[in-house]
Each structure stands twice: as C-alpha cells, then as structure tokens.
Amino acid sequence: MASGRLSVVVTRRLPDVVETRLMELFDVKLRSDDTPMSREELAEAMREADVLIPTLNDRIDNGLIGQAGPQLRLIANYGAGVDHIDVATARQRGIQVTNTPGVLTDDTADMAMALILAVTRRIPEGLAAMQGGNWDGWAPTSFLGGRVAGRRLGILGMGRIGQAVARRARAFGMQVHYHNRNRLRAEIEDGLEATYWESLDQMVARMDVLSINCPHTPSTFHLMNARRLKLMKPSAVIVNTSRGEVIDENALTRQLKAGQLAGAGLDVYEHGSQANPDLRSMPNVVMLPHMGSATVEGRVEMGQKVMLNVKTFADGHRPPDLVLQALD
Ligand code: DGY
C-alpha cells in the first residue's frame, strides 16, 4: 500500500463503469485482455496485491494461497459462488473472502424459468425451424410441447434464488415443492405455497421439473448422481442454473440418450466450458453458456458490491459480504 491507497488486482475485464470507479477509489491494476489469468499470473497478482478481485474462472486453491504475499488481506470475489476459492485456507492465513450475493437473484431465477419454458415448449426447435427456413405453416400436431401450468416443480436448494424461482413458477401456475438442508420458516413456506420434502429421493421421484438452485460444496457435489437421476420420471425435465458439479453430467447424458428423461435445460456444466459433447446434438437439451446473471444491471451491481466490500475493508470495517466458510 505504498501510495496510501490499497493496491487491487482485477483478474478479468469488468463493466466500464465498474472499472472507472475502481480506478478512482484504489490503486488498481486492470486486465487488458478479456481472458482468464494463467496460474502464474494469478500467483504473481497474489504476491503483489493487497486485494484480489477474482471471478469464478480463477481457481484459488491452497497451493496458490500458500504463495500469496503477506500483504494480501482480501479476496473480493466478483460473483456469488465461492466454490473456486479455498475459503478455509484463506481464512487460516488471515485473508478475508467476500462475494456478491443478492444482486443476481432475479436474473438467475429468470433464466431458470426461461430454461423450463424453453425445454417444455420446445422453443429452440421452433427457432431452428424458422432460422433454417423449414416452417411450412401452422399444423395441429407440430411442435407440441407440454403445458407448464399444473406441473410439479421441485426446487433443490431453497435459498434466495430458489425462492425467486418459486415465486415465478407460482405465477406460471406450477406447483412448488422443495428440498433444502433446512426447512423454511412456516410463513415463508406458506407465502410461496411450497411443499417441503425432507427426503430428496422422494421428491425427485415425483416431480415433473427439477430445478437445481443449491451451491456447489463438498456435500452437494454430484447430489444428482446416477442413482438419483434414475429416480426421476421419464417424462421429467431437469434444469440447472447453479453449478454443473451438482449433477453427474455423464450420468445425465446417458439417461437423456436412453430416453429415460424428457429433457434438460443447462446453463452450467460439470467441467466449465467443456460440456459433454453428446449433449449438444440432443433436441430436447437446451444449453446456454453460463449466462444466468448476464444482465447489464446485474453485472454492474455485482461490481458495486465488490467495491463496497473492498471500500469497507479499506476503511477498517468488516465487509458486508464476508464469507465465513465455503457456502453450504
Ligand atoms: C455467480 O456469481 O456465482 C454466478 O454463477 C455468476 O453467474
């Protein structure tokens, strides 16, 4: 902190307004090209900065944290999920970790709903027909999907985003069910008209649509494993806007191929951008490139949260979005 201002390294390009404000507030080093940093670049950043602003592309494991300089005191993640950061090791080293919860709730829930509709109403197939010039006109039996109203939606993970999905689903006439580590308070449950299932197996076996909304942690890794996926009804659809690691992607692919699941809507993949290639050719699978939070408003608000966390820390106070342990 030679200049009296915190030295901050940002690992990815951020929206212009965020970068401009960061430059006003801190002694900031921005990324010039929009590619993830290499491990060596990350290590170097952690040797020199007081504060690192990473994104979900940056795997900050105990090896990297071990190489951090003693000046690194805060990892202010640009994003809600912190499964790419070894939070426990960071805290042991006296490095605080913050994230950006709350500001991407509505955008992500919108995307979950969009995927539910896209898969059940076969929207990409209709789009492909139009773009390919293959539409001969309306026919009583073409592009038949399913009606979402009346369907049973099971929400796996009823935190902020899960609840936002529930509110949307109710507006579409769906019946809301959920499984969560902790049951919601009665007034929240009543407000959402949501039915709680203590047993995930029991819930999964009875749903028409399953939406994954829990974070990725050691205890949710492959929560939807081959055995659980097989419990789902063959007519059911699964939608994931959380983290790919919650579903065993190869098992899901096998099940879709075998016609034992009606479809999937995926915004996230078990191995980041390396989705199982077999998924790409399936007409009943809608794949998006992790764009759940990709609104201009959301990405600016994420930046504002990061700055609030860094500024509060710089002023000697506890940052508002301190992560105490890997989110569970
Ligand atoms: C997050 O913030 O963790 C989201 O996945 C980004 O879209």
Side-chain angles (χ1 to χ4, degrees), residues 10-15 18 31 34-37 42 52-61 74-87 90 97-116 155-165 168 211-221 223-224 238-247 249 265-275 286-310 319-328:
V10 186
T11 68
R12 263 331 261 272
R13 293 300 313 269
L14 299 181
V18 176
R31 183 101 173 125
D34 197 11
T35 52
M37 281 188 173
L42 268 178
L52 183 76
I53 301 181
T55 71
L56 58 85
N57 300 116
D58 307 308
R59 178 140 305 284
I60 303 179
D61 54 22
L74 175 65
I75 298 174
N77 187 51
Y78 179 86
V82 289
D83 51 330
H84 55 294
I85 302 174
D86 185 338
V87 176
V97 177
T98 58
N99 67 342
T100 63
V103 290
L104 34 82
T105 303
D106 285 329
D107 298 326
T108 309
D110 287 347
M111 198 56 93
M113 205 61 223
L115 283 170
I116 292 170
I155 298 176
L156 173 45
M158 200 59 145
R160 282 192 185 88
I161 298 175
Q163 291 178 38
V165 173
R168 283 155 178 74
S211 176
I212 308 297
N213 297 108
C214 58
H216 166 223
T217 68
S219 56
T220 64
F221 176 77
L223 200 54
M224 288 307 295
I238 189 165
V239 163
N240 191 0
T241 50
S242 175
R243 284 291 184 270
E245 291 92 333
V246 178
I247 303 179
E249 192 170 293
L266 305 172
D267 189 39
V268 286
Y269 306 91
E270 189 172 340
H271 303 289
S273 57
Q274 306 302 309
V286 179
M287 300 172 77
L288 296 177
H290 198 157
M291 54 193 274
S293 69
T295 64
V296 173
E297 295 85 347
R299 293 287 160 86
V300 170
E301 286 170 18
M302 285 162 71
Q304 286 164 343
K305 279 229 135 193
V306 168
M307 289 188 283
L308 188 64
N309 283 315
V310 180
D321 303 306
L322 197 59
V323 179
L324 296 177
Q325 56 185 28
L327 300 175
D328 201 6

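Whatever order the structure lists them in is the order used to number ligands and atoms, beginning at 1.
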>> Quick test of your reading: applying salt bridge (charged side-chain N to carboxylate O under 4.0 Å, His left out), list the pairs with at least one residue in residues 292-306, sequence neighbours left out, ordered by first then second residue.
In response: K305-D321
>> Just to verify, what does N57 make a side chain to side chain donor-acceptor pair (under 3.5 Å) with, not counting sequence neighbours?
In response: R12, T55
>> I need the single residue from T108, L115, I212 that forms a side chain to side chain contact (heavy atoms under 4.5 Å, CB included) with D267. Which is it?
In response: L115
>> For ligand 1, give me the residues whose heavy-atom distance to it is below 4.0 Å, by chain and number please.
In response: L56, G79, A80, G81, L104, R243, H290, S293
> Donor-acceptor pair, N99 side chain versus G79 backbone, under 3.5 Å?
Replying inline: no
>> Test your reading of the model: is there a side-chain donor-acceptor pair from T295 to the backbone of G298, 3.5 Å cut-off?
In response: yes
>> Just to verify, what does D86 make a salt bridge (charged side-chain N to carboxylate O under 4.0 Å, His left out) with, not counting sequence neighbours?
In response: none
